[in-house]
Structures are given as C-alpha cells and as structure tokens.
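Below is one structure, written out as structure tokens, with a few remarks after it.
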Amino acid sequence: MLSRANLIGAVLFLAAGIIGFFLPPWLVSLLTIAFANALVVLGLIILWRAGLVPFGQALYYCSGAYTVALLARWAGVSDAFVLLIAGGLVAGIVAFLTGFLLARYREIFFAMLSLAMSMILYGVLVKTETLGSTDGFGVDPPHFLGYAPHGDALGFALYWFVLVVCAISALVIGVYFKSVAGALAVPIRDNEIRVEFLGISVTRLIHMKLVIAGTLAGVGGALAAMTIGHVDPNMSYWTTSGGFVFVTILAGAGSVAAAFVGSLVFEIVRSFAFAVLPGFWQMTLGIVLLLTILFLPEGLGSLATRFRRRKPDTKPVATS
Amino acid sequence: MKNYAIRMLRSGAAALAIAAFAGGAAPVQAQDAGSVKLGLVTFLSGPAAGPFGVPGRNGAEILIEALNAGKVPAPYNTVGLGGLKIETKIIDESGSAANVVSEYRNLVQRDQVDAIVGYVSSGNCLAVTPVAEELKALTVLFDCGTPRIFEEKPRKYVFRVTPHATQDNVAAARYVLAKKKNVTLYSGINQNYAWGQDSWRDFVGAMSVLAPKAKVDKELFPKLFAGEYGAEISTLLTSKSQVLHTSFYDGDLESFIYQQAARGLGKRMTILATTAESSMKRLGNKIPDGSIIGARGSNGPLARDTELNKWFVKVYTDRYGTAPTYPSYHMAQSIIGLKAAWEKAAKAKNDAKPTIDEVVAAFENLQFEAFGSTIKLAIGHGHQGIAEIAYGTYKFNKQKNEGEIVDVVRFPAECANPPADVNAEDWIKGGMKGAKCD
C-alpha cells in the first residue's frame, strides 16, 4: 500500500504544512484557497481522463459552499468537520441525482448540459432575496472540535485543515486511479463500445465518476466558503466552472499531483498579475495558458512525470 | 538528440517563466514613513468597469495627483494626507469573492497599505468587511449601495462616506409625489439581482408610506445585462401607470431608453431613473423630456455649485474630456473623507503621522465638506455617511444640443435616510418615522 508515490506525496504535504509557519499570512490564505480549489480540479481530472469536460462543476462547488453557509447561519453549526462532511454529502447527492441524466451524454452535449444544470442553481439563488440575491452573505469563522482560533491562528488552522483534507483525497483518488473502475477511464475515452463488450456498464461507471467528482467539488466549495467567509451566487456561474476547466488544462490529467501543482501555479500567477498588471491580468493568464498548451501539451503535471521517467534511463537496465 | 535538447530548453523556459512569476509575487515592500500608502480597488475590467470602475479610478487619479501637489481648493489645500504624499496601489475588483478577498489580504499584509479605498459591488463590500475587521485595516467603501454592511454588525475599521442606496429610492418617491400629486398607479422595471430588487423594494415601501392609495401595476425584473426589452416595453405600453421606476444603469439603461424612445413609452408615463445622470450625456434627446433623473446623491449636474465642485469638474473635464459622473464623486469624496479624518487625527498629535486606530477614532461621526454637499457620518454607529440628495427633471436643450436638469429639489440628509441605529428596511416599513424634511 505504501508505494513510493504515496510516500513522496505525504512528505510533500507535510512539508507544505511546515513551510506554512514561515510564510506571511497573506500567502497562507492564498495557498489555502489554491488547495481548496485543487480538490475541484482533482474531480475534473477524474472526468477528463474519461474524455468528459464539464462546464458546470460550479454546481457542486456552490452546493457545498451554500450548505456550509446555510448550516452556519440558520442551524448554528460551526464545527469545521461537520460542515465539511455536510458540504461534501449534499454536493454528492446533487451529483448523484443530476448524474442520472448527465451520465448518458458525452462530449459537447455533456459539457452544455452540465453548464445548464449549474446555471439553474445560479438562477434560483439570484431570485432568492432572503439569501441576499447576488450579494450573497457571510459565513462566520468555523471551530475545530471546540478549538476556536482568531486572526492568523485561524488562517493556519484552516490551512492545515485544508491540507489534511487534500492529502486524504489525494490518497483515495490515487488508489481509485489504480483500481479497475479508475483505470477504465482511458478505455472509455478511447472506445466505449469495447468497454461495454467487456461486460461493464459505462453509464454506471461514469455515474460513479460524476458522484466522486461532485463530492470533491462540494468539499472544495465547503472549504472555500470557510476560508473566504462569504458565499455568493457567482460560485455557481459558468465562468467559475470555466475557471476550473482552465486550471485543469494548465495542470493536465496525468496524475493526482497535477491538480495541486496546477491550482497553486494558477493562484500565484493570477495574484502576481493582479499586483503587477492590474489592467492586463486576464491577458497574462491567457499567455500562460497558451505557453502551457504549446510547450507542455499534457499540462504542468507532465513536468513531474517526465522527470520521473527520465531518471531510470540514466542507469543501465538490470537484467537477470 | 537535437529534439531532446529543444525539449529540455522549452520545458526549462516554461519552468523559468513560472518561477519568475512566483518569485515576483513575494517581495514585501518596506513602509516609508514619508508617505501614505493607499490601496485602491475598483473594476478595471468587465461590464462594471465602463460605468463605475474607470470613472472611479479617474476620480481618484486626478484627486490624488492634485492632493500631492497641494492644489486642491481649501480646506483641502494641504499636501497629501497631513503633509505626507499619497502613494497608490491599484487593483482590479473583478473575479470571484475568493479573488477579491485574497487580493484584499495581499494589499494589507503583503503591500502593507495604510488604508484601502474601494469596491463597487455590494457583494464584494460584504465579503471584505469581516476581513477588514479581522486585519484591523482601515477601509473606506466607495460606491457599493447595500445598507447591510453596518446593519448586520457594528464595524470598527470599515467606513462608507457615500450614502447607501435607500436614500436614492426614498428621495425618488418624495420627488415624484411632490411633482405629481395624483399618482394612482405606478410600475417598475429593475434588473433581477440584489441592486434592482433592493431599489424596487425601497421605492415601493416609500411610496406606500407617502401615498398609500397609489398602487403597483407591473413589476418587471428582466435579467441583468439583458439588453433587449421589447417584451417588457409591450407590457408597459398596456399599463395605465403614470410613473415607471427604474434603477437600470449604463448599458441596460441606454438600451432601454433607446428601445422605448422608438415606441413612445415616455409619452405614456414618466420615467424615473435613479442613476440616469451617469448616462445623460450619451443619451441626449433619447431621454423623454419630463423624465425624473437621479445621481445617487448631490453629484454631477445635481451637485451644489461650490468652489470645490467647480474645481473638480474643471480638472476632471480637462483631463478626461468628459464631466465626472457620480462614481467619480463617490471615489473623490471617500478620499477627501479619509483625508479629513487623517488630518483631524494628525492635528491632535501635533502633525505627527497618526496610527490607524487614531484615524479610525477621528473618522467616527465625522462631518466634512464634500464636492456636491456636506457629508455626516451619522448612522451605522458613526461609520455610514448621509448627505443631501437631489432629484430633477430632464429637459433637452435644442440650442445647446445637450440635456439639462431643471426643477431640482434637494432633500436634506435626514429626510431620505433612517435615523441612527434603525435598519433602513424597518424604517421604511415602520412609516419612515423621524424623517426631517423641512
């Protein structure tokens, strides 16, 4: 079970956690959001491997975020663990229900239908004046099993919390990718009919992938809501989904690590562009994406895989 | 081999580019004691940039330049803030709430700004307010309208000198009823999002207090940035309403005014547009004569003819070729308010640089001369400004080939705003008690 990749992953997450103590608070908060978004991207990678590009992942992201915000506001729930599980669960259920329809479609039809679903939620939220319509509403800072930090301590607590959730998700999804269900993603993309002939229901497999991706997006949304302290209907708008697809293209679908690398690079580049080129930050992001597509068509994640693959070449191949 | 080298070069270049970006984001600037660092946040891209973001930025740019040169008329003729020059750092407000909050933190914690003036969107104002409190960062919200900011909780570090949106619609109702005493039926067309919904709710609330017999006929809520209002205009043409309330702005307002002009809606009912001042110049004779025009306060052509206002209109027009609209006023008065508070705090310390807490203490309940009127931070525990508001009637002057606002009525601040510590919505529902209108 303890493969080399898992060990490296664990060390990297631990390192990220420790480095957090030496970083200024603004960077910690930036990284927290980047890691929370990485979970949504991880879900997109699962679908991407099966050839599916949803333009409506914001539906689940927003469901998770609003679940947290509503529970905190109306039910008085403030424990981060309860909020997180509730957010993931609600998004998972939404994904399960929409999955009955979405799992039957492919390509552009799938993309458009998923977009439509997320825009339905957007429309409903905008029309709900009691939830502040487009202005949204605030989320009070969460507690962690009775521990109620403030200020910078809260920032660190959230950072660690997000890192732990990310590490667990990365491990689970890593296992899933190696399982039969996970490994069948590429065959589904290449030739669905052949997979059916193996006696496997492609629709059910994709339905499962949708639920996993939806739950991850919900967890990401729940974490984002706690970190930002505010939710609004824009979380369900198609540009939010588009943003996640952007990061997925940047990251590439090669590995679990890609989601985290892509999301971190994206947040840092975006923030840098905001600070240095306030009028041209979109262009900067566009150029970065274009350069990635031109020079690293398999995404930033492929840098790691290349490095790993090249290493054994330098040694003589052992023959026995 | 050659291919391999090229590939290595390419990935190396990409990695370098990324490292450069990542590295560039890190430097922390040292605070200069000889200047004040001001963070400005406003829309520089997206649909809100044209009507609000850029006029706001322009207003800030020209005012800060003049302040640093000490060229603003009295009583603001001292250099910068209390003799310290203002350095600005400008940030785009676009993006998700997550981006806006991250960038806010970056301004405070990375760039170490002394104060922040910004935010057009009410959603963004609501999102950054708790962060400002957490970071103890002095923040002046400049253009957002929602009264919720100071009603949800008392705030310490957040201020808004610009009056909130309630007064726009209360004063609109008062103006309508002053000019048309026999209104029995009215309709509304507003964008289906928080701004449009709140505007309409406040207007209907105020109308039902002031003219209980007047009834609502059509309530139309087309979606934001719809741009095409054929069906809505048809519906309105069947209505016998005497007044049509709209809080449309910029593109939506312009499309609506053009489209209704072709079908003569303005001849059937009086159009009351609460923000039309900012689009007046571009619309010219398309706005029907007799329409009621607002400017979200005493701004633009509705401002009082003070020395400060004359100066502002002149320098702004000279630089940008067009007169300042209300977002420019909102930005400029926010900066002037900050200056007034800063200098009050500095004066108490014999002109030494005040701490943020001292500025905050001086800011609370402050009263100062702004461009178009006097602003009092009278509500929201001394953090929310109220000011006189004016409405007028549109008249197109054919000789000059430009629109004019005539029949201007000025409503005192206390006439259109709730008293201290009463929620705007409850105040209207409760019959607007305590309003002083003489």
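Given the structure is predicted, the values throughout are model-derived calculations rather than measurements. Below, chain A is the first sequence line, B the second, and so on; all start at residue 1.
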At a 4.5 Å cut-off on heavy atoms, which part of Phe137(A) comes close to chain B: side chain, backbone, both, or neither? both
Between chain A and each of Glu134(B), Arg105(B), Gln197(B), count heavy-atom pairs under 4.5 Å; write down the option with the most. Gln197(B)
Less than 3.5 Å apart, any donor N or O on the side chain of Tyr193(B) or Asp135(A) sitting next to an acceptor on the other? no
Going through the checks in order, is the salt bridge (Lys or Arg N to Asp or Glu O under 4.0 Å) test met by Glu93(B) and Arg57(B)? CA-CA 11 Å; Glu93(B) 192 183 332; Arg57(B) 186 203 60 193; over 6 Å; no
Is Asn99(B) in contact with chain A via its backbone, its side chain, both, or neither, using a 4.5 Å heavy-atom distance? both
Please determine whether a side-chain nitrogen of the Lys or Arg among Asp143(B) and Arg296(B) lies less than 4.0 Å from a carboxylate oxygen of the Asp or Glu. yes
Polar side chain donor-acceptor pair, Ser118(A) to Gln57(A), under 3.5 angstrom: no
Side chain / backbone / both / neither for Asp140(A) at chain B, heavy atoms under 4.5 Å: side chain
Proximal component of Asn234(A), with respect to chain B [non-hydrogen, under 4.5 Å]: neither
Please check if any side-chain donor atom of Tyr66(A) sits under 3.5 Å from a side-chain acceptor atom of Ser236(A), or the reverse. no
Would you mind checking which part of Ser94(B) comes under 4.5 Å of any heavy atom in chain A, side chain (CB onward), backbone (N, CA, C, O), both or neither? both
Contacting moiety of Ser96(B), where chain A heavy atoms sit under 4.5 Å: neither
Just checking, is any N or O donor in the side chain of Asp92(B) or Ser45(B) under 3.5 Å from an acceptor N or O on the other one? yes
